Amino acid sequence: DAKTTQPPSMDCAEGRAANLPCNHSTISGNEYVYWYRQIHSQGPQYIIHGLKNNETNEMASLIITEDRKSSTLILPHATLRDTAVYYCIASTGTASKLTFGTGTRLQVTL
Amino acid sequence: DVKVTQSSRYLVKRTGEKVFLECVQDMDHENMFWYRQDPGLGLRLIYFSYDVKMKEKGDIPEGYSVSREKKERFSLILESASTNQTSMYLCASRPFERFLRLPGANVLTFGAGSRLTVL
């Protein structure tokens, strides 16, 4: 897995967009970018993944730069329930395991 | 919805005891995983299993063993618990890649976790 770098913590006001950055400058051509989040006292939950193109689902949007060296997870209208640790992972689609780092702790406030 | 159920949310054991952590998934997934999570260290993979009776060491297998006798059940065993095994243990499952509908969808479904304290 390529190494990823995320800020340790971020704050966001409720109702505003939360933009969580991730650097993966050594990502290889067959590695996807995955995002998971972990709400306190629960197991991690899959959010979204992408290879080259931007992706959107009901939970979030994923923007990947053209050179694929970084990406941003966007929660368009953050709520208090989005307070969690967010993990960015670069890995192949068939990798036997995913390596989770320490992630970004997002605090959504009123 | 896929469900991954871990048998105990909280356990307290004594040093030297044998500890079993059980994990059951209900979606016929081939792959199952055991991670431990510690503050500042993120999630670290202990063991994983591709299918019944198959197992592979992860990054930190020392002090642990696993059992996969049935497809839906993956057990983590601490033969002789020690205080440095006090941690949150997370089980996850994943379907074999060929069954995934989305390219590259290396999607793990996690259980709620088991917090083990070894005294």
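Because the structure is predicted, anything quoted here is derived from the model rather than measured. The sequence lines fix the lettering, A, B, ..., with proteins before strands; numbering per chain opens at 1. In what follows, every heavy atom counts, from backbone to side chain, and hydrogens, waters and symmetry copies are set aside.
- Both the backbone and the side chain of B:L108 come within contact range of chain A, each with at least one heavy atom under 4.5 Å from a heavy atom of that chain.
- No side-chain heavy atom of A:S41 sits under 4.5 Å from any side-chain heavy atom of B:R115.
- Follow the hydrophobic side-chain contacts under 4.5 Å out from B:F110 and you never reach A:I47; the two are in separate clusters.
- Nearest heavy-atom pair, B:G40 versus A:T102, reported as atom, atom and distance to 0.1 Å: O-CG2, 3.4 Å.
- Tracing side-chain contacts under 4.5 Å through hydrophobic residues (I, L, V, M, F, W, Y), one reaches B:I60 starting from B:F74; they form part of the same cluster.
- Closest approach of A:Y87 to B:L43, counting heavy atoms only: OH-CD1, 3.6 Å.
- With a threshold of 4.5 angstrom between heavy atoms, A:E31 does not approach chain B through any atom at all.
- When all heavy atoms of A:G43 and B:L90 are compared, the closest pair comes out as CA-CD2, 3.7 Å.
- Looking at B:Q37, only its side chain comes within 4.5 Å of chain A, counting heavy atoms on both sides.
- Placement of B:L76 and B:M88 in two distinct hydrophobic clusters is found when ILVMFWY residues are connected by side-chain heavy-atom separations under 4.5 Å, directly or transitively.
- The local environment of CZ in A:R105 is sparse, with at most 12 non-hydrogen atoms from other residues, nucleotides or ligands closer than 6.0 Å.
- Within 6.0 Å of CZ on B:R9 lie more than 12 heavy atoms contributed by other residues, nucleotides or ligands.
- Residue A:L51: no heavy atom, backbone or side chain, is found under 4.5 Å from chain B.
- Every residue two or more places apart in sequence or in another chain was checked for a side-chain hydrogen bond (donor to acceptor under 3.5 Å, both in side chains) with B:T5, and none qualifies.
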